[in-house]
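One structure, as structure tokens, below. Some questions next.
Just so it is clear: chains get the letters A, B, ... in the order the sequence lines come, proteins before strands, and each one is counted from 1. Here the structure is a predicted model, which is why all the values come from computation and not from measurement.
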Amino acid sequence: MDSEDDLLQKCITSAMPKQR
Amino acid sequence: PDSPLARWTKSLHFLLGDQDGAHLFRTFLEREKCVDTLDFWFACNGFRQMDLNDTKTLRVAKAIFKRYIENNSIVAKQLKPATKTYIRDSIKKQQIDSAMFDQAQTEIQSTMEENAYQMFLTSDIYLEYV
């Protein structure tokens, strides 16, 4: 199971803009 | 049409919607020791996309609360007490809602627009990139 920190990091990364 | 770079100066929204813009702004905020405000802003967007039926979503809400709101971090300092109380209560009652961080995100965004974003547009990091 992912740690809370991992989950948070994934959440942040998922919202970041992708390549133009 | 405007280049992505020209759009960065139009609004924070355009800057953060562009990969290079978001990256450069993040570098600037790291230097200014307030990168947490940007990570929180992205975390709020990511949280809004999560499935409320997934048990991970409650864990992420708790993680956001613990990392940015419960403590005395720069994000916590910029939020209204009522906003923090609302989120604390929602988590305590396990009443998770996609919009539960919206108000907090709006408050952080306003502060960023008034301060960090304006400073960024005159910073050497930005000017050298341009």
Q. Who passes salt bridge (Lys or Arg N to Asp or Glu O under 4.0 Å) against A:Asp2, sequence neighbours left out?
A. A:Lys10

Q | Residue list, side chain to side chain donor-acceptor pair (under 3.5 Å) with B:Lys10, at least two apart or on another chain | A | B:Asp2

Q: Identify the two heavy atoms, one from B:Gly46 and one from A:Ala15, that lie closest to each other, and give their separation to 0.1 Å.
A: N-CB, 3.5 Å

Q) Quick one: which of B:His23, B:Gln19, B:Arg26 gives a side-chain contact (heavy atoms from CB on, under 4.5 Å) with A:Met16? A) B:Arg26

Q) In the single-linkage hydrophobic clustering (I, L, V, M, F, W, Y; side-chain heavy atoms under 4.5 Å), do B:Met119 and B:Tyr129 co-cluster? A) yes

Q) Who pairs with B:Glu114 by salt bridge (Lys or Arg N to Asp or Glu O under 4.0 Å), at least two apart in sequence or on another chain? A) none

Q. Can you name the closest pair of heavy atoms from B:Ala43 and A:Cys11 and give their distance?
A. O-SG, 3.3 Å

**Q.** Side chain / backbone / both / neither for A:Thr13 at chain B, heavy atoms under 4.5 Å
**A.** neither

Q) Is there a path from B:Leu5 to B:Phe120 through hydrophobic residues (I, L, V, M, F, W, Y) whose side chains come within less than 4.5 Å of each other? A) yes

(Q) Quick check: under 4.5 Å, non-hydrogen atoms only, which of residues 52-76 of chain B neighbour chain A? (A) B:Lys56, B:Arg59, B:Val60, B:Lys62, B:Ala63, B:Ile64, B:Lys66, B:Arg67, B:Tyr68

Q: Could you grab the distance from atom CZ of B:Phe42 to atom CG of A:Leu8, nearest 0.5 Å is fine?
A: 13.5 Å

Q: Examine B:Met112 and B:Phe14 and state if one hydrophobic cluster contains both, with Ile, Leu, Val, Met, Phe, Trp and Tyr joined whenever side-chain heavy atoms are less than 4.5 Å apart.
A: no

Q) B:Leu38 versus chain A, heavy atoms under 4.5 Å apart: side chain, backbone, both or neither? A) neither

